[in-house]
Engineer: 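Quick one: this structure, given as structure tokens, is what I'll be asking you about.
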Amino acid sequence: MTDHLVDARVPRDLHAFIAGLPKAELHVHHVGSASPRIVAELAARHPDSKVPTDPEALADYFTFTDFAHFIDVYLSVVDLIRTPEDVRLLTYEVARDLARQQVRYAELTITPFSSTRRGIDERAFMAAIEDARKAAEAEFGTVLRWCFDIPGEAGLESADETARLATDDRVRPEGLVSFGLGGPEIGVPRPQFKPYFDRAIAAGLHSVPHAGETTGPETVWDALTHLRAERIGHGTSSAQDPKLLAHLAEHRIALEVCPTSNIATRAVRTLDEHPIKEFAKAGIVVTINSDDPPMFGTDLNNEYAVAARLLDLDERGLADLAKNAVTASFLDEPGKARIAEEVDTYTANWLAP
Ligand SMILES: Nc1ncnc2c1ncn2[C@@H]1O[C@H](CCC(=O)c2cccc(C(=O)O)c2)[C@@H](O)[C@H]1O
Ligand SMILES: [Zn+2]
């Protein structure tokens with residue numbers, strides 16, 4: 001456990017329980033998961049970059065004034081990834097960090113358009129992520145799957161390219177399970193992406209757009225209606241619309257909640273004002289996720305500790321949260337059952353006298 005992430009309001013033994021709890025992570029970005037060590041290593045490889053190489057300066061660099069500033073900084077880290085070997089190293093190290101936190105299964109959001117437009121060959125890119133996925137599963141036992149997301153602000157050209165990379169049998173990687181939409185929401189209406197989601201869904205992919213992170217509940221409705229979302233990335237503003245809350249609960253559309261991210265990007269003012277409590281009260285399937293953990297000074301274990309505090313959870317409540325993520329994942333049924341059982345066994349042993 002990283003010491004600066006220990007919230008004194010959460011009992012020490014609950015932190016320890018979380019650290020050992022088998023988990024699934026459903027909303028975490030590939031480049032946004034680069035640890036300070038990896039960012040520093042890539043920045044040192046590419047000295048023309050403005051990204052600091054010193055981890056302390058990096059903490060400052062990762063302090064955001066607003067969502068647009070966050071995206072600027074995010075893209076400066078994207079710029080550090082220039083070769084298939086950079087991609088492989090990043091992916092493998094992200095899996096290692098997940099494994100250390102007892103993450104058994106993760107759906108990693110990858111933006112292939114950002115890499116191919118920067119000149120990385122598409123087949124070499126796919127080979128690099130697949131190579132890292134297989135190595136991670138063999139060495140750490142952590143199963144990775146991919147969500148390819150459209151960087152919406154980059155326009156319909158990026159949507160078309162992402163849909164092609166996700167649906168062309170000659171290119172699409174074996175580990176791909178879903179199709180997403182990320183980046184800023186303001187000025188980037190969701191309905192325009194319908195044809196690209198239609199293509200991805202027809203090719204067997206699940207729909208998981210970001211929505212309601214930086215705009216209102218109508219964006220979440222758009223994601224449901226036009227993009228046929230099966231889960232929603234963030235969905236924070238859903239709390240403003242009781243009908244939407246009821247709809248999400250009734251149809252078991254899970255929310256991928258990332259509490260610390262929402263504070264870091266200033267989408268929500270303070271953790272105590274985070275609507276996670278309203279989501280739980282409305283009966284929505286809440287999953288806990290880390291989004292871009294090193295950029296937000298967090299990790300998945302810390303997000304579970306934050307959730308324990310905000311939702312007043314004990315060990316059983318935390319185990320239920322972990323199982324929500326397993327249920328809402330796109331893993332096959334035997335795989336889901338295996339992790340859920342592991343969660344139950346771990347919890348029973350922990351609570352045994
Ligand atoms: N909390 C988040 N909420 C939303 N998205 C998040 C979050 N965290 C990380 N992302 C990622 O940010 C990227 C943004 C990339 C982008 O907007 C863009 C615009 C113009 C050009 C290019 C380019 O590559 O040339 C890229 C998305 O791909 C998404 O995966
Ligand atoms: Zn995200």
Side-chain angles (χ1 to χ4, degrees), residues 2 4-5 28-100 108-133 135-136 139-140 144 146 148-155 157-158 161-162 165 173 182-184 260-261 264-266 290-299:
T2 317
H4 79 277
L5 293 179
V28 62
H29 295 262
H30 185 222
V31 174
S33 299
S35 66
R37 189 174 61 76
I38 295 298
V39 173
E41 191 175 322
L42 293 169
R45 275 190 206 179
H46 308 301
D48 56 317
S49 160
K50 64 177 177 185
V51 178
T53 50
D54 161 29
E56 240 163 73
L58 208 51
D60 253 7
Y61 188 67
F62 287 159
T63 302
F64 311 111
T65 51
D66 56 19
F67 192 81
H69 178 218
F70 159 66
I71 293 291
D72 273 356
V73 170
Y74 188 90
L75 288 176
S76 71
V77 181
V78 171
D79 281 336
L80 291 176
I81 297 153
R82 301 192 187 169
T83 68
E85 177 45 30
D86 292 342
V87 174
R88 204 203 69 85
L89 172 78
L90 168 67
T91 315
Y92 180 80
E93 292 299 326
V94 168
R96 190 207 299 278
D97 286 341
L98 291 167
R100 272 198 208 110
L108 206 55
T109 297
I110 298 188
T111 316
F113 174 78
S114 289
S115 289
T116 57
R117 86 170 313 183
R118 282 169 176 75
I120 301 184
D121 174 76
E122 63 196 44
R123 284 169 201 254
F125 180 88
M126 303 303 167
I129 58 174
E130 284 292 295
D131 184 58
R133 176 174 76 79
E139 289 173 42
F140 314 132
L144 293 184
W146 318 126
F148 278 2
D149 80 331
I150 301 169
E153 206 177 41
E157 175 211 348
S158 78
E161 177 71 350
T162 308
L165 295 168
T260 300
S261 158
T265 64
R266 306 192 184 232
S290 62
D291 212 13
D292 304 285
M295 293 188 179
F296 301 146
T298 190
D299 62 17

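The structure displayed is predicted, hence computed values, not measured ones.
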Engineer: Would you call the rings of H69 and F64 parallel, tilted or perpendicular if under 30° counts as parallel and over 60° as perpendicular?
Structural biologist: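 Because their plane-to-plane angle is over 60°, the rings of H69 and F64 count as perpendicular.
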Engineer: Taking the basic N atoms (NZ, or NE/NH1/NH2) and the acidic carboxylate oxygens, is any pair closer than 4.0 Å for D131 and R88?
Structural biologist: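 Salt bridge present between D131 and R88.
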Engineer: Are any non-hydrogen side-chain atoms of I81 and L42 less than 4.5 angstrom apart?
Structural biologist: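 In contact.
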Engineer: Any chance you could lay out the salt bridge (charged side-chain N to carboxylate O under 4.0 Å, His left out) test for D48 and R82, step after step, and finish with the verdict?
Structural biologist: CA-CA 13 Å; D48 56 317; R82 301 192 187 169; 3.4 Å; yes
Engineer: Hey, do the aromatic rings of Y92 and F140 have their centres closer than 6.0 Å?
Structural biologist: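 Between F140 and Y92, which both carry aromatic rings, the centre distance is below 6.0 Å.
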Engineer: Would you confirm whether S35, through its side chain, and I38, through its main-chain N or O, come within 3.5 Å as a donor-acceptor pair?
Structural biologist: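 Yes: the side chain of S35 pairs with the backbone of I38.
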Engineer: Do S33 and D292 have side chains that get closer than 4.5 Å, going by heavy atoms?
Structural biologist: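 Of all side-chain heavy-atom pairs linking D292 with S33, none is under 4.5 Å.
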Engineer: Do P52 and D60 have side chains that get closer than 4.5 Å, going by heavy atoms?
Structural biologist: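 P52 does not reach D60 side chain to side chain.
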Engineer: Measure the CZ-CD1 distance between R133 and I129 for me, rounded to the nearest 0.5 Å.
Structural biologist: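 If I round to the nearest 0.5 Å, the distance is 8.5 Å.
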Engineer: Given side chains that start at C-beta, do those of V39 and L58 come closer than 4.5 Å, heavy atoms only?
Structural biologist: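 Counting from C-beta outward, V39 and L58 do come under 4.5 Å.
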Engineer: Between R37 and E93, does any side-chain N to carboxylate O distance fall below 4.0 Å?
Structural biologist: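 Yes.
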Engineer: Shortest non-hydrogen contact from D299 to S290?
Structural biologist: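 Minimum heavy-atom separation between D299 and S290: C-CB, 4.1 Å.
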Engineer: Can you measure from CZ (F113) to CD (E157) and round to the nearest 0.5 angstrom?
Structural biologist: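 Rounded to the nearest 0.5 Å, the CZ-CD separation comes out at 4.5 Å.
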Engineer: On a heavy-atom basis, which atom in A34 and which in P294 lie closest, and how many Å separate them?
Structural biologist: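 Distance-wise, the nearest heavy atoms are O-CG, 3.2 Å.
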Engineer: When rounded to the nearest 0.5 angstrom, what distance separates OG1 in T83 from CZ in R118?
Structural biologist: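 Here the interatomic distance stands at 14.0 Å.
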Engineer: Just by modelled atom types, is the G155 backbone N or O under 3.5 Å from a matching donor or acceptor in the S158 side chain?
Structural biologist: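 Present.
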Engineer: Please report the closest heavy-atom contact between P173 and M126, naming both atoms and the distance.
Structural biologist: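 Looking at all heavy atoms of both residues, the shortest contact is CD-SD, 3.7 Å.
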Engineer: Would you name the heavy atoms of Y61 and V51 that are closest together and state the gap between them?
Structural biologist: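 Of all heavy-atom pairs spanning Y61 and V51, the closest is OH-CG2, 3.9 Å.
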Engineer: Quick one: CG on L80 to CG on L75, what's the gap to the nearest 0.5 Å?
Structural biologist: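 That separation rounds to 11.0 Å.
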Engineer: Quick one: pull up CG in L89 and CD in E85 and give me the separation to the nearest 0.5 Å.
Structural biologist: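 Going from the CG atom of L89 to the CD atom of E85 covers 6.0 Å.
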Engineer: Less than 4.5 Å apart, side chain to side chain, heavy atoms only: is that true for F62 and P36?
Structural biologist: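 Side chain of F62 against side chain of P36, heavy atoms only: no contact under 4.5 Å found.
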Engineer: Looking only at non-hydrogen atoms, find the nearest pair between T65 and R266 and report the distance.
Structural biologist: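 Closest pair (atom of T65, atom of R266, distance): O-CD, 3.0 Å.
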Engineer: Do side-chain atoms of T63 reach the backbone of A59 as a donor and acceptor pair under 3.5 angstrom?
Structural biologist: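 Yes, the answer is positive, given that a donor and an acceptor are paired below the 3.5 Å cut-off.
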Engineer: Is there a side-chain contact between Y74 and V78 (heavy atoms, below 4.5 Å)?
Structural biologist: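 Yes; the side chains approach each other to less than 4.5 Å.
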Engineer: For T111 and H30, which I'm curious about, is there any donor-acceptor pair between the side chains at under 3.5 Å?
Structural biologist: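 Short answer, no.
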Engineer: Could you tell me whether a side-chain N or O of H29 sits under 3.5 Å from a main-chain N or O of D291, the two making a donor and an acceptor?
Structural biologist: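 Side chain of H29 to backbone of D291: no pair is present.
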Engineer: How far apart are the closest heavy atoms of P84 and A128, and which atoms are they?
Structural biologist: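 Minimum heavy-atom contact is O-CB, 3.4 Å.
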Engineer: Is a salt bridge present between R45 and D79, judged by a nitrogen-to-oxygen distance below 4.0 Å?
Structural biologist: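 Salt bridge absent between R45 and D79.
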Engineer: In the structure I gave you, are the side-chain heavy atoms of T91 and V87 within less than 4.5 Å of one another anywhere?
Structural biologist: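 Result yes, sub-4.5 Å side-chain heavy-atom pair found.
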Engineer: State the CD1-CG distance between I110 and L108, to the nearest 0.5 angstrom.
Structural biologist: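 It comes to 5.0 Å.
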